[in-house]
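Data block below; observations after.
Every heavy atom of this structure was used, including side-chain atoms; hydrogens, water molecules and symmetry mates were not. Sequence positions, counted from 1, serve as the residue numbers for this chain.
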Amino acid sequence: CDAMAQDLTTTAGIDPRRIVRIYNPVDVASIDRLAGTGENPFGRDRPGRSILAVGSFKAQKGFPRLLRAFAARPPWLAEANLWILGDGELRASLQALAASLGIADRVHLPGIEANPFVWMRHADLFVLCSHYEGLPNALLEAIACRCPVVALDSPGGTREIMKVCGLPGRLVSKLVWEPCFFDTEGLNEARSRVETVFARATIVAQYEREFRLDEPLRTGEVDRVAGTSNRQLYGRVDPITTRKDVEDGGNEEDPEAVQ
């Protein structure tokens with residue numbers, strides 16, 4: 001994301017002209033397929049709205065401040081339930097905090113879910129409360145599922161995603177619950193922007209151009225090239241770089257080749 005590129009420039013002194021931003025691809029077709037499988041995980045008969053968050057139970061993700069905000073929710077959200085998918089070292093402390101805030105009966109920690117997309121499809125609101133992020137994939141995936149979202153502003157790519165997807169009004173500096181957060185207006189347009197800007201075909205074309213591959217990447221190869229995290233490309237590889245160079249991790253003869 002642009003924020004990471006700027007950080008590389010300011011902290012590492014890398015010439016911005018030698019940084020290429022390439023987003024992670026979002027496979028909307030696969031997300032749609034998985035989101036449409038199974039029953040509503042929140043239950044059909046459970047009263048109140050279902051608020052969802054996803055992430056590792058570590059300090060970066062900011063779940064304690066989400067719990068405190070949920071405890072302070074207004075009366076019209078009294079019947080709401082908060083679900084946090086994930087696990088990690090802070091599980092016990094999050095459970096203890098929920099108990100101390102008097103919301104243990106409304107906070108659910110079901111663990112790591114193999115298919116979070118069906119949860120996103122049925123949730124009434126997805127909340128991103130991280131203290132910092134790279135490019136938060138979960139936020140993009142929730143938007144792809146047409147789930148209403150709200151995100152706390154923080155260093156990293158969150159602000160960029162909300163701007164690209166046309167959702168600046170859902171980026172907040174403090175989590176104060178508003179009825180408009182649950183509105184579905186604009187979600188179709190936001191999803192369309194995810195399909196356009198973060199589409200697999202778009203990202204593949206960028207990698208092919210930057211690596212100057214001698215033939216197009218085959219299906220699935222972009223995932224091996226991109227990896228599972230955000231990738232900034234430092235400089236441009238030698239023009240003779242081929243598919244084999246990419247699969248081997250870069251052109252070892254060129255010290256500026258991508259590793």
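For the pair F63/L109, no side-chain contact is recorded, criterion being any heavy-atom separation below 4.5 Å from C-beta on. The shortest distance between side-chain heavy atoms of C145 and I31 falls below 4.5 Å. You'll find the side chain of M162 reaches within 4.5 Å of the side chain of V149, heavy atoms only. Taking the side chain as every heavy atom from C-beta outward, E141 and V194 never approach each other to under 4.5 Å. Proximity of P47 to E79: side-chain heavy atoms (C-beta onward) are separated by under 4.5 Å at one or more points. Using a 4.5 Å cut-off on side-chain heavy atoms (C-beta onward), V164 and Y23 make contact. Using a 4.5 Å heavy-atom threshold, the side chains of E178 and R170 count as separate. Contact of the H108 side chain with the L82 side chain is not registered, since no non-hydrogen atoms from C-beta on lie closer than 4.5 Å.
Between E133 and S130, the side chains place a donor N or O and an acceptor N or O closer than 3.5 Å (distance only, hydrogens not considered). Side chains of R209 and Y207: a donor-acceptor N/O pair is absent below 3.5 angstrom, by distance only.
A salt bridge does not link R200 with E195: every distance from a Lys NZ or Arg NE/NH1/NH2 to an Asp or Glu carboxylate oxygen is 4.0 Å or more. Under 4.0 Å is where a charged nitrogen must lie from a carboxylate oxygen, and between D32 and R191 at least one such pair does.
Interatomic distance, NZ of K163 versus OG1 of T158, reported as 14.5 Å (0.5 Å rounding). Here the CG-CZ distance, from L135 to F198, works out to 5.5 Å after rounding to the nearest 0.5 Å. Taking CG of L85 as the reference point, atom CH2 of W119 lies at 5.5 Å (rounded to 0.5 Å). Here the SG atom belonging to C165 is positioned 10.5 Å from the CG atom belonging to L187, to the nearest 0.5 angstrom. In this structure, L67 CG and L97 CG are separated by 5.0 Å, a value rounded to the nearest 0.5 Å. For the atom pair I143 CD1 and L167 CG, the distance stands at 5.5 Å (nearest 0.5 Å).
In this structure, the side chain of N115 engages the main chain of L34 through a donor-acceptor pair within 3.5 Å. A distance-only check finds no donor-acceptor pair linking the side chain of R49 to the backbone of A80 [under 3.5 Å]. Panel note: side chain R65, backbone C129; a donor-acceptor pair is recorded below 3.5 Å. Counting only distance, with no hydrogens or angles, the side chain of Q60 and the backbone of Y132 share a donor-acceptor pair below 3.5 Å. No donor-acceptor pair closer than 3.5 Å links the side chain of W83 to the backbone N or O of A123. A donor-acceptor contact shorter than 3.5 Å is absent between the side chain of T196 and the backbone of R193. Within the 3.5 Å criterion, the main-chain N or O of N81 finds no donor-acceptor partner in the side chain of R106. Here the side chain of D124 pairs a donor or acceptor atom with the backbone of S50 at under 3.5 angstrom.
No path of Ile, Leu, Val, Met, Phe, Trp and Tyr side chains, each step under 4.5 Å between heavy atoms, connects F126 with W177, placing them in separate hydrophobic clusters. In this structure, L52 is not a member of the same hydrophobic cluster as F70, with clusters built from ILVMFWY side-chain heavy atoms closer than 4.5 Å. Linking Ile, Leu, Val, Met, Phe, Trp and Tyr whenever their side-chain heavy atoms come within less than 4.5 Å puts V197 and I22 in one cluster. Both L139 and V54 belong to a common hydrophobic cluster when Ile, Leu, Val, Met, Phe, Trp and Tyr are linked at side-chain heavy-atom distances under 4.5 angstrom. Linking ILVMFWY side-chain heavy atoms closer than 4.5 Å, directly or via other members, places L101 and V107 in a single hydrophobic cluster.
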Would L175 and L66 count as a side chain to side chain contact (heavy atoms under 4.5 Å, CB included) if you check the C-alpha gap in whole Å, the side-chain angles of each, and the deciding distance to 0.1 Å? CA-CA 8 Å; L175 190 53; L66 175 57; 3.7 Å; yes
Go through it in stages, so that I can follow the logic: the residues are E210 and R21, the test is salt bridge (Lys or Arg N to Asp or Glu O under 4.0 Å), and I'd like the CA-CA distance, side-chain angles, deciding distance and then a yes or no. CA-CA 10 Å; E210 297 306 326; R21 181 207 67 200; over 6 Å; no
Run the side chain to side chain contact (heavy atoms under 4.5 Å, CB included) check on R146 and T184 step by step: do they pass? CA-CA 8 Å; R146 297 188 178 91; T184 58; over 6 Å; no
Dump the intermediate steps for side chain to side chain contact (heavy atoms under 4.5 Å, CB included) on L152 and L128, then the final yes or no. CA-CA 6 Å; L152 280 164; L128 184 73; over 6 Å; no
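The environment of CZ in R91 is crowded: more than 12 heavy-atom neighbours from other residues, nucleotides or ligands sit within 6.0 Å.
Counting all heavy atoms, side chain and backbone alike, A59 lies closest to L90 at N-CD1, 3.5 Å. Closest approach of A104 to A99, counting heavy atoms only: CB-CA, 4.0 Å. Taking each heavy atom of P168 and G166 in turn, the nearest pair found is CD-C, 3.1 Å. Annotation for P116 and A114: closest pair CD-O, 3.5 Å, computed over non-hydrogen atoms. Contact detail for T37 and R33: the closest heavy-atom pair is CG2-O, 3.1 Å.
Not counting sequence neighbours, R68 has no partner by the side chain to side chain donor-acceptor pair (under 3.5 Å) test.
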